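Data first, discussion second: the structure below is written as structure tokens.
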Number of protein chains: 2
Amino acid sequence: MTQERSLPPVVERMWGREPVPRRGPRPRIDLPAIASAAIEIADAEGLPGVSMASVASRVGVAATALYRYVGSKEELLTAMADFVVPEPPEPAGRPWRDYLALWARAQRDILLEHRWLLPIARLTPPLGPRRLLWLDRLLAALDGMGLDEGEKINVASSLAGYALTDVALVTTAGGGDAQFEDTGIDGADAYGEVLAGLLDPRTYPALSAAVRGGALRGAEGWADDDDFRFGLELLLDGVEALIARRASEGEVGGK
Amino acid sequence: MTQERSLPPVVERMWGREPVPRRGPRPRIDLPAIASAAIEIADAEGLPGVSMASVASRVGVAATALYRYVGSKEELLTAMADFVVPEPPEPAGRPWRDYLALWARAQRDILLEHRWLLPIARLTPPLGPRRLLWLDRLLAALDGMGLDEGEKINVASSLAGYALTDVALVTTAGGGDAQFEDTGIDGADAYGEVLAGLLDPRTYPALSAAVRGGALRGAEGWADDDDFRFGLELLLDGVEALIARRASEGEVGGK
DNA sequence: ACCTGAACACCGTTCAAGT
DNA sequence: ACCTGAACACCGTTCAAGT
């Protein structure tokens, strides 16, 4: 059944399973030290500052020594994305809807603190112990509501994806996007103004109206906390409707 | 009001506004040609195949000639992400809910055909004429439902983000993720097996149960079309609830 | 077994020079 | 005005050599 698969060594190391050497000199570094160093650099300088050389120098070895612990730079990024995640909040005793909101908000806060996660988090399925713990707690919070396991996982994906989307939007609209740094477009105000100048109302009738109506003017009209709550409630309403549907199906004996 | 901002030249060019030269030799290339070449390379070899050198050689110039049309490689990626988008479906005459579903599904299909968009699409706010056209049509489809402009834009973000999330999941689970290419993890089956081997049921009780219950076994239990529909309906139910709320508020005179 | 150092192929970007 | 070619600083990754 659950037959042994040979995992990438870096995954083994994420789970704390060192390859039990016991011959030759003692290792001077390990994966947690490497990942921490990389995370510190990314926090300070962003992802472009993270190179094999910069990470190695911060950890005190030659660049090539890192390849004993990670197979490639991409693996290093994956490890960073797991090590940076703290413990999830505990669902015990909370109504499912409260917990889901708390969980999504916490995910969002992590992303806000480490925005370099945005381009990484998307492409990697969770294989690290910390990310998987978050998934576990979300599934637990949905226990006993009549959803099957696949549905619960889908809910988790939707929530996690929503947090990502939201932070990507905030990052853009609130400034700090490298792409617009020196173009004068550094916030929602500027973005709206630029759009107003570009849009021909005949080709873009609805969008022109929205922009001219001020939908993008002012930071509080775009991707602030209320907007996050808005989309979140949208999703939670959807989950609630699903749970209600499953409950009524259960009474008459659904699938 | 809408005061003139100096836009990055590449944005001007995305909108077809060439800087009207009329002196010296006729340009041999333009932004659409560059973007098309880059898109073809990305479709064939993925994003790693796209370098200034490879794009330039395909378009028939020296690598450095591209800097007359894009300020940096990042700008080239942004341009690619706009040029690759086709015309959106037209909302005229469709019920809003049908159109939103169609729109999200079409976005998803674009991403499936050009998966290299995943890491790009997240970080760039739409400034190109093609992406903005999609936004316009979605706003139009939500006209007259009692939502304000900010809410409509939020709905658009949620839908677009959902399509991204879903394709990221499919890309992972369905194989083809470079990261797992040669590790034996090449699909939902393998992913579930790996997880089963890693998870201690005492630390990950809910997730262990889900995995052992087969939630991740078989491609049809993970990120297939039914799963896309599932999350989509979740969101649309949320939108419907919001519309109903606004309608009832309207009767008593809400904000 | 662990790490170093030299080396390789490649990358994005600059700038002066040609036409 | 448009493009080229040389050059620069840097990058990820390899491999043989040291201890």
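We name chains A, B, ... by the order of the sequence lines, and we start the count at 1 in each one. Just so you know, these numbers come straight off a predicted model, no measurement behind them.
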Inset, instruction - Determine, using ring centers only, whether B/F228 and B/Y162 are less than 6.0 Å apart. - result: yes
Inset, instruction - State which residues pass salt bridge (charged side-chain N to carboxylate O under 4.0 Å, His left out) with A/R68; sequence neighbours excluded, sorted by chain then number. - result: none
Legend entry - Consecutive-pair stems (at least three Watson-Crick or G-U pairs, under 3.5 Å) that include DNA chain C: C:4-8 with D:12-16, C:12-16 with D:4-8
Inset, instruction - Heavy atoms under 4.0 Å is the rule here; annotate nucleotides 4-19 of chain D 5' to 3' with B where the base is hit, S where only the sugar-phosphate is, and - elsewhere. - result: BBB----SSBB-----
Inset, instruction - Mind checking B/L76 for me? I need base, sugar-phosphate or nothing, with any heavy atom below 4.0 Å counting as a touch. - result: nothing
Which residues share a side chain to side chain contact (heavy atoms under 4.5 Å, CB included) with [X], sequence neighbours left out:
X	answer
B/L77	B/L47, B/M80, B/I120
A/S51	A/A53, A/S54
A/S57	none
B/Y67	B/M52

Inset, instruction - Tell me, please, which residues at least two apart from B/F83 pass ring pair (Phe, Tyr, Trp, His ring centres under 6.0 Å). - result: none
Legend entry - OP1 or OP2 of D/dC2 under 4.0 Å from side-chain N/O of B/Y69: no
Inset, instruction - Nearest whole angstrom, please: distance from the P of C/dC2 to the CG of A/D30. - result: 12 Å
Legend entry - Distance in angstrom units between B/R68 CZ and D/dA1 P, rounded: 9 Å
Kindly list each side-chain donor-acceptor pair under 3.5 angstrom involving residues 24-40 of chain A, sequence neighbours excluded, with atom names and distances?
| residue | atom | partner | partner atom | Å |
| --- | --- | --- | --- | --- |
| A/D30 | OD1 | A/A33 | N | 3.0 |
| A/S36 | OG | A/P32 | O | 2.7 |
| A/E40 | OE1 | A/R58 | NH1 | 2.2 |

